[in-house]
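Encoded as structure tokens, the structure appears first; notes follow it.
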Amino acid sequence: MGQLTTRERDLAAAILVVLAVVGIAMAAAGRADPLGIHGAIVLLYSLALLYLIMSTSFGPVPDPSRVSRYYDDPIKVGVAFTLFWAIFGMFFGVWAAAQLAWPSLNFDTAWASFGRIRPAHTTGVIFGFGGNALISTSFHVVQRTSRARLPDQLSPWFVLFGYNLFCILAVSGYFIGVTQSKEYAEAEWYADLWLVIVWVTYFVLYIRTLARRREPHIYVANWYYMAFILVVAILHIVNNLAIPVSLGHAKSYTIWAGVQDSMVQWWYGHNAVAFFLTAGFLAMLYYYLPKRAERPIFSYRLSILSFWGITFFYMWAGSHHLHYTALPHWVQNLGMTFSVMLLVPSWASAGNALLTLNGAWHKVRDDATLRFIMMAAFFYGLSTFEGSFLAVRPVNSLSHYTDWTVGHVHAGALGWVALITYGSLYTLVPAIWKRKRMYSAALVEVHFWLASAGTVIYVFAMWNSGIIQGLMWRTYSEEGTLTYSFVDSLLAMYPYYIARTFGGLLFLIGAIVATYNIWMTVRGVPVAGTERHDDVPLAGPVPEAAATGPAE
């Protein structure tokens, strides 16, 4: 906060005062409603940040030379948020998995029931962990590849703290029973409105930074980040159009009805996977892989082909979630067709990443950080193939509503999203904190094997569980009746649910190891002479030409 100018501090204080007034109004209007609790949270959050602003008001004037350097302070705080939400979200994921094997672990309380901690897990991991990682790395990448400092010092903080306020409102709401009951969109109307304000600010900030660039070329990672920001805004707004019961109640009702609601929900749900969990993390891949491997991306043209293929094909694929429902048959066929076509741009990126490592495989052997990124590219290719395969209607008839889908989701979430995030963080943290290397290469190695083992155990358990479920549910006797009851299938799942919990626990332990390693790296003393390409002043040479330039 000490880097803010007097004018920026005054504007920040004014924003927080307005937000505090909104919190008071929410608390007053929702006295007998969960809205009142969230109003109190908004008020306390605003006052805490206002205290931080006021405590720096009488500090020294910011160094004028700061504008000649990249603005990394928000990135550092974003990394801390990322690590916090990783442990939070994964802890609740392990707890939810354990409840399926041992239901008494809800301790007979409402807030700890599976139906409440499961969305806390998904929101904590996807939006808390994944969202903060995307915001932090996007601030890092756009500055380095554009040779431009962020256009102001207040907007990044507004985006970062505003976004985490949304995450807090969403997760706390689930514990007290506030939900829209929409997959990946459970937060209620007032939290959704706040996220729109934050997200529009994020988009404008990103565009303003690109407009100030000193590098004429817009590197491909920025195209993926822009697609992620823009399309997620469109998806969020359309899917969350709702009418609240009143301004004093948390409950709202969507404007969509029946099968239209389902179609809009899965247009949102699948494209949240496409643009939040794919496009944004592909941006990480296209920057941090060549950076770490110290090799140019194999084919710049292939990366652009993949970008436009993903951008166009993914938008039509959501209806494959609704096979064998009331959705018109032609819409189901459309989703199935585009899902199969998606294999081309998806494997283009996965192949591009692995081919980039040609001539650098010895580094993969010796560098666990690069191995994180390589394994993420492998799981990305695996998950996208499986997604196209499961979208085919005859295959979907076996997999639908089974744990096979859960295994597929976690092959992407753990194997792709989490591994590329940690590979990026292990590359980013030493750079922005001016450290020569991570605190412990051995702990990075330990984390890699914990994460890899946890992912494989989890995914294989769910693949086996799901296929067995699907086969049991469609097995008929000679009399034409079902051979197995639903309870029989649950009993067959029991050992797989224990294995799933164990795999998730290994991954959680790995996240804790990573947090400790990063914390110790941050606490270390900067070593003279550790400046890297991305540390040079803005007036210096092009930071990224050597590492990320096209090979063609």
Just list the side-chain donor-acceptor pairs under 3.5 Å for residues 44-53, sequence neighbours left out, or say none.
| unit_1 | atom_1 | unit_2 | atom_2 | d |
| --- | --- | --- | --- | --- |
| Y45 | OH | F161 | O | 2.7 |
| S46 | OG | V42 | O | 2.7 |

[X] vs [Y] side-chain heavy atoms within contact, under 4.5 Å:
X: Y225; Y: V142; answer: no
X: L11; Y: I15; answer: yes
X: M315; Y: F275; answer: yes
X: F228; Y: L282; answer: no
X: I518; Y: Y426; answer: yes
X: F372; Y: V444; answer: yes
X: L241; Y: T254; answer: no
X: E188; Y: P34; answer: no

[X] side, atom [atom1]; [Y] side, atom [atom2] - distance, nearest 0.5 Å:
X: F91; Y: I117; atom1: CZ; atom2: CD1; value: 8.5 Å
X: N352; Y: L357; atom1: CG; atom2: CG; value: 10.5 Å
X: R214; Y: S146; atom1: CZ; atom2: OG; value: 11.5 Å
X: L19; Y: I24; atom1: CG; atom2: CD1; value: 10.5 Å

Which label fits [X] and [Y]: parallel for a plane angle under 30°, tilted from 30 to 60°, or perpendicular past 60°?
X: F127; Y: F276; answer: perpendicular
X: Y206; Y: Y202; answer: perpendicular
X: H140; Y: Y288; answer: parallel

For residues [X] and [Y], is any side-chain donor paired with an opposing acceptor at under 3.5 Å?
X: Y224; Y: S303; result: no
X: D73; Y: Q153; result: no
X: T145; Y: N222; result: yes

Indicate the atoms forming the closest heavy-atom contact of [X] with [Y], along with that distance.
X: P290; Y: P296; result: CB-C, 4.4 Å
X: A353; Y: A377; result: CB-CB, 3.8 Å
X: T209; Y: P151; result: OG1-CD, 3.0 Å
X: A368; Y: E445; result: CB-OE1, 3.5 Å

Would you say the ring centers of [X] and [Y] fall short of 6.0 Å from each other?
X: Y286; Y: Y219; value: no
X: W194; Y: F158; value: yes
X: W519; Y: Y516; value: no

Pairs in or reaching into residues 412-425: which pass side chain to side chain donor-acceptor pair (under 3.5 Å), with residues at least two apart or in two chains?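 As it turns out, there is no side chain to side chain donor-acceptor pair (under 3.5 Å) pair with a partner in residues 412-425 once direct neighbours are skipped.
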I'd like to know if the side chain of [X] and the backbone of [Y] have a donor-acceptor N/O pair within less than 3.5 Å.
X: R9; Y: L4; value: yes
X: N240; Y: H236; value: yes
X: T521; Y: Y439; value: yes
X: W433; Y: P526; value: no
X: W267; Y: N239; value: no
X: Q265; Y: K182; value: no
X: S136; Y: A133; value: no
X: R292; Y: L289; value: no
X: R435; Y: V522; value: yes
X: R213; Y: L210; value: yes

Assess whether atom CE of M54 is packed by more than 12 heavy atoms of other residues, nucleotides or ligands within 6.0 Å.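 No - once you tally the heavy atoms of other residues, nucleotides and ligands closer than 6.0 Å, there are 12 at most.
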Please check if the number of heavy atoms outside R437 that lie under 6.0 Å from its CZ is greater than 12.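 Incorrect, the count does not exceed 12.
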With the threshold set at 4.0 Å, does a side-chain nitrogen-carboxylate oxygen contact exist between R144 and E215?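 The answer is no: the pair does not qualify as a salt bridge.
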For the pair D33 and K251, evaluate salt bridge (charged side-chain N to carboxylate O under 4.0 Å, His left out) and give the outcome as yes or no after the intermediate values. CA-CA 9 Å; D33 189 85; K251 183 62 183 171; over 6 Å; no
For residues 164-178, dump all side-chain donor-acceptor pairs below 3.5 Å to protein atoms at least two apart in sequence or in another chain.
| unit_1 | atom_1 | unit_2 | atom_2 | d |
| --- | --- | --- | --- | --- |
| N164 | OD1 | W85 | NE1 | 2.9 |
| N164 | OD1 | N132 | ND2 | 3.0 |
| N164 | ND2 | N132 | OD1 | 2.9 |
| N164 | ND2 | L160 | O | 2.8 |
| S172 | OG | H38 | NE2 | 2.9 |
| S172 | OG | I168 | O | 2.7 |
| S172 | OG | L169 | O | 3.2 |
| Y174 | OH | T123 | OG1 | 3.0 |

Quick one, E183 with R118, criterion salt bridge (charged side-chain N to carboxylate O under 4.0 Å, His left out). Give me CA distance, side-chain angles, the key distance, then yes/no. CA-CA 11 Å; E183 186 76 347; R118 191 262 177 181; 2.8 Å; yes
